[in-house]
Participant: 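Have a look at this one.
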Amino acid sequence: MSTERYNPQAVEPRWQAAWREARIFETENDDPRPRYYVLEMFPYPSGRIHIGHVRNYTMGDVVARYMRARGFNVLHPMGWDAFGLPAENAAMTNKVQARDWTYKNIATMRGQLQTMGLSLDWSREFATCDVDYYAQQQRLFLDLLDADLAYRRSSRVNWDPVDQTVLANEQVIDGRGWRSGAEVEQRELTQWFFRITRYSEDLLTALETLDRWPAKVRLMQANWIGRSEGMRVRFPLTKPTAAGTREIEVYTTRQDTLFGASFMALSPDHPLAAELAEGDAALAGFIAECRHAGTSEAAIESAEKRGHDTGLAVRHPFDDRTLPVYVANFVLMEYGAGAIFGCPAHDQRDFDFARRYDLPVTPVVLPDGVDAADFAITDKPYDGEGRMINSAFLDGMTITGAKDAVAERLETADPDSAPQGKRETNYRLRDWGISRQRYWGCPIPVVHCEACGVVPVPAADLPVELPDDVELDRPGNPLDHHPTWKHVACPKCDRPAIRETDTMDTFVDSSWYFARFTAPRSATPTEPQAANDWLPVDQYIGGIEHAILHLLYSRFFTRAMRLTGHLDLDEPFAGLFTQGMVVHETYRRADGAWVSPAEVQVTGEGTNRKAVETATGEQVEIGPIEKMSKSRRNTVDPTDIIAGYGADTARLFMLSDSPPDRDVIWTEEGVAGAHRFVQRVWRLVREWSDGREAAGPPVEAGDHPLRRTAHRTLAAVGDGFATLRFNVAVAKIYELVNAISAAQAEADGDPATAAVIDEAMLILVEIMAPITPHLAEECWQALGQEGLVATRDWPAADESLLADATLVLPVQVNGKKRGELTIDADASQVDVETAVTALDFVQRALDGRRPKKIVVVPKRIVNVVV
RNA sequence: GCCCCUGUGGCGGAAUUGGUAGACGCGGCAGACUCAAAAUCUGUUGCCUUCACGGGCGUGCUGGUUCGAGUCCGGCCAGGGGCACCA
């Protein structure tokens, strides 16, 4: 008798249709079961799904299917992050509309996702470029404006003079525009911002409540927010400037080192620097030079600490010294006070500056255990702990003590003058600039009127729709040079006015989509009840590359939506999982051209592995394993894999072996291995069901080790799914299959054993269903079961089978394993000690002496110390 | 420069969270079936030593805590990631 091979091409579409017809994945908001919201970061519709999507959505799908089996009303939606620059570029290159290109891609990718057999609620699907979606986003913008969380200000931006557009920092490569190649200028432009800094402290402290987030992501966000405690200190100038400036305010976190100060430095953008430059051509030149300096990483790293002496001086607050005032290229206007005092002995940057300009270096912190006479700062500043020296009333204090003492004194004003300083907490986090001079994004719904200023578009006039007929061939903002679009009547005074032509950063779109999924057709941005019921997302899954931007913006936006009454919670994602990338080795021809894996034949082992280009027979070099990318041509098309092996094989492979948060190396052998397992399970099930009659009529399941294995596997796999340790769950499933095969080989027609195998088979199929859902349905049917596995409740593991009646305990002598002890599971500590002492090898080791100690760890191990 | 993570067989990795290191898979080796191949099945597979029973070593290196360390602590080495003039 031969069993046909499992044919995924025929089987998978059939079950996908069955699920669709039964509408089992469409979720109702008023379902009485407890809720569970699983979400994977929605894709950008670039054209085709890639293998990273397959991994991401498979993980989410296993969680969704598992939680559904556990009795939850599961929300598992899908949508499209559909605005963005690639659509504009494609439109330009291919002479199509950005909209058409985007929706065509969405259709393609939806079809591809549907071949994966995902348990998605497609009835809630939307794209962020749907007018319905961005109309609601415009309402949110108006609410944020109202709440003073959105505002306009002038800001320095990267400006590409050829494309005539603002570029994000990520789009500036070595000081040049990534597309045009033109040298990027710093330009002062009026931009829209979201006031994320209002929540700096809250966004930081609330990280502690996110206990189901990776520690790494929380740490990255904490560093990004960058809280530091210090103080503002005012230094009086020895004489007022011509324009009447009398003092300089600085920010410092090291007020303890005040007695080590040897200079003051202003940012080139500091108002006082500008004031002085009016009468000082050399200074004006220096400032211009600073502004011109590159903003690329390399430029900053190699930039020397340089300054320009203004000739001014300030008085030290605690002694009668004066300090020279410089304008220095390394001081940022955006942070603190835009001015610092320099303490060269204890700060690398200040040290470099002092060496260059020959300023004094006075140590004021003495490391513990070092003699003051032996301590000198020679080639490196000291930034560690210690006690204060050379610091008058601070001498002998710790750094912390000195910080408090200085703050105390500076904050306490003389009766007839203002305090000289004030404690202040600063954050690295900046407000979020959302203006983009782009076409394919959500229009910012305001109008500029000469008489009335910035006027919000009235809610009744929303949405502000994007026009279809834009010219993308000209440089600059297509909305700005559209002939009619921007010309409107002022909503306030009805006189001719101009629409805002900037659109919103696409990160705004993805900052609230998870809330929209809870009521995707609502006429308001959310239905607060639905949002509050579903949110926070119980399990969010996506790439680590969004650790800061998307995840921080979403946390801010949730707070903003709470303030404006759209939902009532702070944290959008209760559980976060960051999955690793899919990587593949690279192949390169002698002429340097990359060759795709599909065009290569690899043979041999280890160092003898060779790759040959199939078409030419030419040997190609096997390069390092890298993230799949178009430029390296080391991508694998999921469509080919699914067409060749089936979705279940692709899904199984993605979850096998590699822990889900680590990178997985895509190999042909690995995929083939997963496919072999799919075939093996099918063969096992088919042969069993075909031969089942021979095993006799069903009887009570016998007491067979397979029963224990099956129930333990059931418990372990459920646990693996719940904790997203899919690779371990898969290994346990393999073990169960091995155990069933072995039991089957020995069963030999025994009806009691056959009944145990029957039970184990059903458990196997049910625990595999979340991973390989099509195979599971097919097996379920082959085993003569009714209905769909997809709608089955997760089977309950029999607790009594999870523990053994008899244990085999490892026995150590002096911490080294020397043998085993077989004993009843409920044996007492004394029983175990007695039994262990009687063992041959223990007797030999004791050699007549009494053991010094016997350590018995219940149900685990025994250690005899002699 | 600062901060963080990781290091286990030929490879991906597991280890009940301080308790039998190497589960499971890939690869290898040996065998069965076959005219042959594919597919499938069985056995074996950390290193050294021994005819064998057995013994020794072994989780990057090094020291420590402990009856017991892959797991905890100190120092070092290597690889990866984040931030980057943030005062």
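Just so we're on the same page: letters track the sequence lines, and every chain starts at 1.
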Participant: Pick the C1' atom in U59(B) and in A14(B), then give their distance to the nearest Å.
Facilitator: 12 Å
Participant: Looking only at non-hydrogen atoms, find the nearest pair between Arg234(A) and Glu247(A) and report the distance.
Facilitator: CD-OE2, 3.4 Å
Participant: Assign Thr667(A) to base, sugar-phosphate, or nothing according to its heavy-atom contacts below 4.0 angstrom with the strands shown.
Facilitator: nothing
Participant: Can you check U17(B) for me, syn or anti if syn means within 90° of 0?
Facilitator: syn
Participant: Taking atom C1' in both G7(B) and U62(B), compute the distance separating them and give it to the nearest angstrom.
Facilitator: 15 Å
Participant: Mind checking whether Phe653(A) and Ile641(A) have side chains closer than 4.5 Å, heavy atoms only?
Facilitator: no
Participant: If you measure from the C1' atom in G68(B) to the same atom in A15(B), how many Å do you get, rounded?
Facilitator: 16 Å
Participant: Can a side chain N or O of Arg306(A) be found less than 4.0 Å away from OP1 or OP2 on C85(B)?
Facilitator: no
Participant: Have a look at Asn738(A) and say if it touches a base, only the backbone sugar-phosphate, or nothing, with a 4.0 Å heavy-atom cut-off.
Facilitator: sugar-phosphate
Participant: Can you tell me the pairing partner of U40(B) across any strand shown, Watson-Crick or G-U wobble, with both distances under 3.5 angstrom?
Facilitator: A32(B)
Participant: Report the base-pairing partner of G18(B) (Watson-Crick or G-U wobble, both distances below 3.5 angstrom), or none.
Facilitator: none
Participant: Any side-chain N or O of Arg232(A) less than 4.0 Å from the OP1 or OP2 oxygen of A87(B)?
Facilitator: no
Participant: Taking the P atom in each of G12(B) and G27(B), what is the distance between them to the nearest angstrom?
Facilitator: 15 Å
Participant: Return the nucleotide paired to C76(B): Watson-Crick means purine N1 to pyrimidine N3 with N6-O4 or O6-N4, wobble means G-U with N1-O2 and O6-N3, both under 3.5 Å.
Facilitator: G60(B)
Participant: Mind checking the C1' distance from A37(B) to A52(B)? Whole angstroms is fine.
Facilitator: 41 Å
Participant: Could you check which nucleotide pairs with A23(B) in any of the strands shown, counting Watson-Crick or G-U wobble with both distances under 3.5 Å?
Facilitator: none
Participant: So what does Arg430(A) touch, heavy atoms closer than 4.0 Å: a base, only the sugar-phosphate, or nothing?
Facilitator: base
Participant: Is C51(B) paired to anything, Watson-Crick or G-U wobble with both distances less than 3.5 Å, and if yes, which nucleotide?
Facilitator: none
Participant: State the syn/anti category of G9(B) according to its glycosidic angle, syn meaning within 90° of 0.
Facilitator: syn
Participant: For Asp347(A) and G1(B), give me the distance from atom CG to atom P, rounded to whole Å.
Facilitator: 15 Å
Participant: In terms of the nearest nucleotide of RNA chain B, which residue is placed more toward the 5' end: Arg254(A) or Pro810(A)?
Facilitator: Pro810(A)
Participant: Between side-chain atoms of residues 658-668 of chain A and protein atoms elsewhere (two or more places apart, or another chain), which donor-acceptor pairs fall under 3.5 Å?
Facilitator:
from      : atom 1 : to        : atom 2 : distance (Å)
Asp663(A) : OD1    : Met581(A) : N      : 2.8
Thr667(A) : OG1    : Gly670(A) : N      : 3.0
Glu668(A) : OE2    : Tyr645(A) : OH     : 2.9

Participant: Would you mind pulling out the nucleotide paired to C2(B), Watson-Crick or G-U wobble, both distances under 3.5 Å?
Facilitator: G82(B)
Participant: With a 4.0 Å heavy-atom cut-off, tell me which residues in residues 259-268 of chain A come close to RNA chain B, sorted by residue number.
Facilitator: none
Participant: Listed by chain and number, what are the ring pair (Phe, Tyr, Trp, His ring centres under 6.0 Å) partners of His711(A), not counting sequence neighbours?
Facilitator: none
Participant: Look at Lys853(A) and C67(B) and indicate whether a side-chain polar atom (N or O) is within less than 4.0 Å of OP1 or OP2.
Facilitator: yes
Participant: Are any of the side-chain nitrogens in Arg306(A) or Glu289(A) under 4.0 Å away from the carboxylate oxygens of its partner?
Facilitator: yes
Participant: Counting any heavy atom closer than 4.0 Å, what does Gln812(A) reach on the DNA or RNA strands: base, sugar-phosphate only, or nothing?
Facilitator: base
Participant: Rounded to whole angstrom units, what separation is found between the OH atom of Tyr382(A) and the P atom of G1(B)?
Facilitator: 18 Å
Participant: Which whole-number value in Å describes the distance from Arg227(A) CZ to C86(B) P?
Facilitator: 19 Å
Participant: Are Arg254(A) and Val365(A) close enough, and set up right, to give a side chain to side chain contact (heavy atoms under 4.5 Å, CB included), and what steps lead you there?
Facilitator: CA-CA 11 Å; Arg254(A) 291 300 304 271; Val365(A) 179; 3.9 Å; yes
Participant: Is the shortest heavy-atom distance from the side chain of Pro214(A) to the side chain of Leu576(A) under 4.5 Å?
Facilitator: yes
Participant: When you check the phosphate oxygens OP1 and OP2 of C57(B), does a side-chain N or O of Lys816(A) lie under 4.0 Å from one of them?
Facilitator: yes
Participant: Tell me whether the side-chain N or O atoms of Lys852(A) pair up with the base of C67(B) as donor and acceptor below 3.5 Å, since no angle test is needed here.
Facilitator: no
Participant: Classify Tyr251(A) by what it touches in the nucleic acid, base, sugar-phosphate, or nothing, heavy-atom distance under 4.0 Å.
Facilitator: base
Participant: How are the rings of Phe353(A) and Tyr357(A) set relative to one another: parallel (under 30°), tilted (30 to 60°) or perpendicular (over 60°)?
Facilitator: tilted
Participant: Do side-chain atoms of Arg651(A) reach the backbone of Ile771(A) as a donor and acceptor pair under 3.5 angstrom?
Facilitator: yes
Participant: Regarding A39(B), can its base be found pairing with the side chain of Arg676(A) as donor and acceptor, where the two atoms are less than 3.5 Å apart?
Facilitator: no
Participant: Would you call the rings of Phe341(A) and Phe235(A) parallel, tilted or perpendicular, where under 30° means parallel and over 60° means perpendicular?
Facilitator: tilted
Participant: C41(B), OP1 or OP2 - any side-chain N/O from Arg680(A) closer than 4.0 Å?
Facilitator: yes
Participant: Quiz question: by atom type and distance under 3.5 Å, do the side chains of Thr197(A) and Asp431(A) form a donor-acceptor pair?
Facilitator: yes
Participant: Taking the P atom of each, how far is U6(B) from C72(B), in whole Å?
Facilitator: 9 Å
Participant: Would you kindly say whether Arg680(A) and Asn738(A) are connected by a side-chain donor-acceptor distance under 3.5 Å?
Facilitator: yes
Participant: Please list, pair by pair, any protein nitrogen or oxygen found under 3.5 Å from a nitrogen or oxygen in nucleotides 10-14 of chain B.
Facilitator:
from   : atom 1 : to        : atom 2 : distance (Å)
G12(B) : O2'    : Ser658(A) : OG     : 3.2
G12(B) : N2     : Asp657(A) : OD1    : 2.8
A14(B) : OP1    : Asn727(A) : ND2    : 3.3

Participant: Not counting sequence neighbours, which residues clear side chain to side chain donor-acceptor pair (under 3.5 Å) with Arg356(A)? List them please.
Facilitator: Glu304(A)
Participant: Rounding to an integer number of angstrom, what distance separates G19(B) and U71(B) when you compare their C1' atoms?
Facilitator: 11 Å
Participant: Could you walk me through whether Tyr251(A) and Ser228(A) pass side chain to side chain contact (heavy atoms under 4.5 Å, CB included), step by step?
Facilitator: CA-CA 11 Å; Tyr251(A) 180 72; Ser228(A) 59; 3.9 Å; yes
Participant: Would you say Tyr335(A) places a side-chain N or O within less than 4.0 Å of OP1 or OP2 belonging to A87(B)?
Facilitator: yes
Participant: When you compare C73(B) with A23(B), how far apart are their C1' atoms, in angstrom units rounded to a whole number?
Facilitator: 29 Å
Participant: When you match Leu332(A) and Trp224(A) each to their closest nucleotide on RNA chain B, which lands nearer the 5' end?
Facilitator: Trp224(A)
Participant: Considering just the side-chain nitrogens and oxygens of Arg712(A), establish if one lies under 4.0 Å of OP1 or OP2 belonging to U16(B).
Facilitator: no
Participant: What integer distance in Å separates Arg818(A):CZ from C67(B):C1'?
Facilitator: 14 Å
Participant: Is there side-chain contact between Met654(A) and Val582(A), with at least one heavy-atom pair below 4.5 Å?
Facilitator: yes
Participant: Please work out which residues in residues 855-866 of chain A have a non-hydrogen atom less than 4.0 Å from an atom of RNA chain B and list them by number.
Facilitator: Val855(A), Val857(A), Arg860(A), Ile861(A), Asn863(A), Val865(A)
Participant: Give a yes or no on whether a salt bridge exists between Glu201(A) and Arg227(A), defined as a side-chain N under 4.0 angstrom from a carboxylate O.
Facilitator: yes
Participant: Rounded to whole Å, please give me the gap between CD1 in Ile548(A) and P in G82(B).
Facilitator: 9 Å
Participant: Base, sugar-phosphate or nothing for Lys817(A)? Non-hydrogen atoms, less than 4.0 Å.
Facilitator: base
